[in-house]
Amino acid sequence: PYDVCKTHHIRKYGFHGTSHRYVCKQAAKMLGIEFDKFNAISLHLGNGASACAVQNGKSIDTSMGLSPLEGLIMGTRSGDMDPAVVIYLLNIGVLKWNEIDNFLNKKSGLFGICGSSDMRDVVAKMQNDERAKLAFEMFCYRVKKYIGSYYAILGRVDALIFTGGIGENAPNTRQKICDDLKHLGIHINHELNFSDKRGERCIDEEGAKIKTLIIPTNEELEIAIETARVIKERTL
């Protein structure tokens with residue numbers, strides 16, 4: 001209800017903002033596009049994971065909500081789910097009200113599906129563990145859904161950006177996410193994707209409509225930059 005939202009400040013706050021802003025600024029520089037004209041889908045994929053739609057240099061949507069729980073499947077967080085599931089589990093006695101937070105934030109996600117919250121372990125176990133394979137596929141599928149929805153919102157996408165521990169270091173995950181997205185103009189080069197190179201780099205196939213970038217995040221630097229900006233504005 002609208003009055004409840006306004007009274008109790010229920011809104012989508014989003015998280016990973018400093019990370020998304022940093023990598024998007026770096027991406028715009030790499031591609032020679034003015035930041036206030038830059039459109040991107042930014043994927044911060046780690047134990048915590050979020051997607052962000054950036055239009056003209058500003059976030060217009062993000063997958064996390066009032067808390068970091070909404071959105072993508074994460075290491076131990078459920079991400080998007082039907083809230084009726086919690087009501088059902090309460091009604092049948094599987095959960096108590098004071099267990100809900102821990103259940104959704106600490107016992108769900110990759111850990112809940114296959115017993116491991118670390119994507120490296122999940123990938124290592126996939127050949128012999130069907131639940132690890134399921135966790136991997138569910139993680140990538142959820143990311144792919146957000147890419148599609150944000151593409152629809154943005155209309156024009158200059159870049160798809162991978163960052164975070166998984167985004168920067170898990171080529172299998174990047175490949176699975178980008179598979180079958182050629183119709184959107186996203187086409188990554190297999191050799192570039194699996195290269196041992198580090199740092200900022202493009203991994204898209206030559207001629208791809210949308211640039212696919214890997215950009216290591218630097219949230220601490222972005223916090224320092226923003227802090228300096230605020231201090232300067234307040235002292236003028």
Side-chain angles (χ1 to χ4, degrees), residues 13-33 35 38-55 57-64 68 70-75 77 79 109-110 117-120 122-123 136 139-151 154 157-179 181 184 186-189 192-204 208 210-226:
Y13 288 94
F15 298 82
H16 292 145
T18 50
S19 176
H20 290 301
R21 181 170 174 80
Y22 175 82
V23 298
C24 283
K25 288 195 301 183
Q26 293 301 109
K29 288 179 184 177
M30 284 178 66
L31 301 179
I33 301 173
F35 190 52
F38 182 62
N39 285 12
I41 298 171
S42 175
L43 303 174
H44 180 113
L45 306 179
N47 200 265
S50 68
C52 184
V54 175
Q55 186 174 63
K58 294 182 179 179
S59 168
I60 61 167
D61 200 355
T62 183
S63 59
M64 287 180 168
E70 185 186 5
L72 306 178
I73 291 172
M74 304 175 218
R77 296 187 187 116
L110 297 176
S117 62
D118 192 317
M119 183 59 81
R120 292 168 294 187
V122 174
V123 171
F136 177 78
F139 179 92
C140 296
Y141 180 80
R142 184 70 61 84
V143 176
K144 190 173 294 194
K145 284 178 66 175
Y146 269 91
I147 291 172
S149 64
Y150 286 171
Y151 189 101
L154 292 169
V157 178
D158 298 311
L160 175 67
I161 305 167
F162 286 94
T163 194
I166 296 173
E168 295 169 30
N169 302 303
N172 302 74
T173 307
R174 293 192 299 262
Q175 189 73 55
K176 183 68 175 178
I177 289 170
C178 293
D179 279 348
L181 291 181
L184 297 183
I186 297 169
H187 186 193
I188 64 174
N189 180 287
L192 293 176
N193 181 43
F194 282 87
S195 169
D196 291 331
K197 289 183 179 179
R198 291 291 179 263
E200 298 177 358
R201 60 202 188 275
C202 297
I203 59 169
D204 49 274
I210 295 174
K211 303 297 291 183
T212 302
L213 310 176
I214 300 171
I215 300 182
T217 191
N218 194 333
E219 295 174 87
E220 293 84 358
L221 176 58
E222 188 61 31
I223 290 169
I225 292 170
E226 287 298 298

Colleague: Can you spot which of I186, I147, I203 makes a side-chain contact (heavy atoms from CB on, under 4.5 Å) with C178?
Modeller: I186
Colleague: Between V23 and S42, what is the shortest heavy-atom contact and its length?
Modeller: CG2-OG, 3.5 Å
Colleague: At what distance, to the nearest 0.5 angstrom, does NZ of K29 lie from CZ of F35?
Modeller: 10.0 Å
Colleague: Is the shortest heavy-atom distance from the side chain of C24 to the side chain of F38 under 4.5 Å?
Modeller: yes
Colleague: Fit a plane to each ring of H20 and H44, take the angle between them on a 0 to 90° scale, and name the class: parallel (under 30°), tilted (30 to 60°) or perpendicular (over 60°).
Modeller: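 Geometry flag for H44 against H20: perpendicular rings.
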Colleague: Considering all heavy atoms of both residues, which atom of G14 and which atom of T62 are nearest to each other, and what is their separation?
Modeller: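 Closest approach of G14 to T62, heavy atoms only: CA-CG2, 3.7 Å.
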Colleague: Kindly indicate whether the side chain of F139, heavy atoms from C-beta on, has any atom under 4.5 Å from the side chain of V122.
Modeller: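 Result no, sub-4.5 Å side-chain heavy-atom pair not found.
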Colleague: Between atom CG of L192 and atom CZ of R201, what is the distance when rounded to the nearest 0.5 Å?
Modeller: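 Nearest 0.5 Å value for the CG-CZ distance: 9.5 Å.
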Colleague: So do the side chains of P216 and R198 get within less than 4.5 Å of each other, counting heavy atoms only?
Modeller: no
Colleague: Atom CD1 of I214 and atom CG of N193: how far apart are they, to the nearest 0.5 Å?
Modeller: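 One gets 6.0 Å once the value is rounded to the nearest 0.5 Å.
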Colleague: State, yes or no, whether a side-chain contact exists between L31 and L213 at a heavy-atom distance under 4.5 Å.
Modeller: yes
Colleague: Can you see which heavy atom on V157 is nearest to which on A40, and at what distance?
Modeller: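 Between these two residues, the closest heavy atoms are CG1-CA, 4.3 Å.
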Colleague: Could you measure the distance from the CG atom of N47 to the CE atom of M74? Nearest 0.5 Å is fine.
Modeller: 9.5 Å
Colleague: Would one find more than 12 heavy atoms of other residues, nucleotides or ligands at under 6.0 Å from atom OH of Y141?
Modeller: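 Atom OH in Y141 is not packed in, count stays at 12 or less.
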Colleague: Side chain of T163, backbone of T217: donor and acceptor closer than 3.5 Å?
Modeller: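 Side chain of T163 to backbone of T217: a pair is present.
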Colleague: Do E226 and R21 come close enough that some side-chain heavy atom pair is under 4.5 Å?
Modeller: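 E226 vs R21: side chains touch.
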Colleague: Indicate yes or no for a side-chain donor-acceptor contact from S63 to the backbone of A51 under 3.5 Å, with no hydrogens or angles considered.
Modeller: yes
Colleague: To the nearest 0.5 Å, tell me how far Y22 OH sits from I215 CD1.
Modeller: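 Separation between the atoms: 8.5 Å.
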Colleague: Check side chain to side chain donor-acceptor pair (under 3.5 Å) between E200 and all other residues, then give those that pass, not counting sequence neighbours.
Modeller: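 Once residues adjacent in sequence are excluded, the partners of E200 under the side chain to side chain donor-acceptor pair (under 3.5 Å) criterion are Q26.
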Colleague: Would you mind reporting whether F194 and N172 have side-chain heavy atoms less than 4.5 Å apart?
Modeller: yes
Colleague: Check whether more than 12 heavy atoms from other residues, nucleotides or ligands sit under 6.0 Å from atom NZ of K25, and answer yes or no.
Modeller: yes
Colleague: Answer yes or no: is there a side-chain heavy-atom contact under 4.5 Å between I177 and F162?
Modeller: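 Heavy-atom side-chain distance check passes, below 4.5 Å.
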Colleague: Would you say R77's side chain and E70's backbone share a donor-acceptor pair under 3.5 angstrom?
Modeller: no
Colleague: When you compare the side chains of Q175 and D179, does any donor N or O come within less than 3.5 Å of an acceptor on the partner?
Modeller: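 Judged by distance alone, the side chains do pair up.
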Colleague: Quick one: does any side-chain atom of R120 pair with a main-chain N or O of I166 as donor and acceptor, under 3.5 Å?
Modeller: no
Colleague: Quick check for you: to the nearest 0.5 Å, what is the distance between H16 atom NE2 and L43 atom CG?
Modeller: 12.0 Å
Colleague: Kindly say whether H187 contributes a backbone atom to a donor-acceptor pair with the side chain of D204 at under 3.5 angstrom?
Modeller: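 Here the side-chain-to-backbone pair does not exist.
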Colleague: Considering non-hydrogen atoms only, spot the tightest contact between R174 and G167 and give its length.
Modeller: NH1-O, 3.0 Å
Colleague: Under 4.5 Å between any side-chain heavy atoms of M64 and Y13, yes or no?
Modeller: no
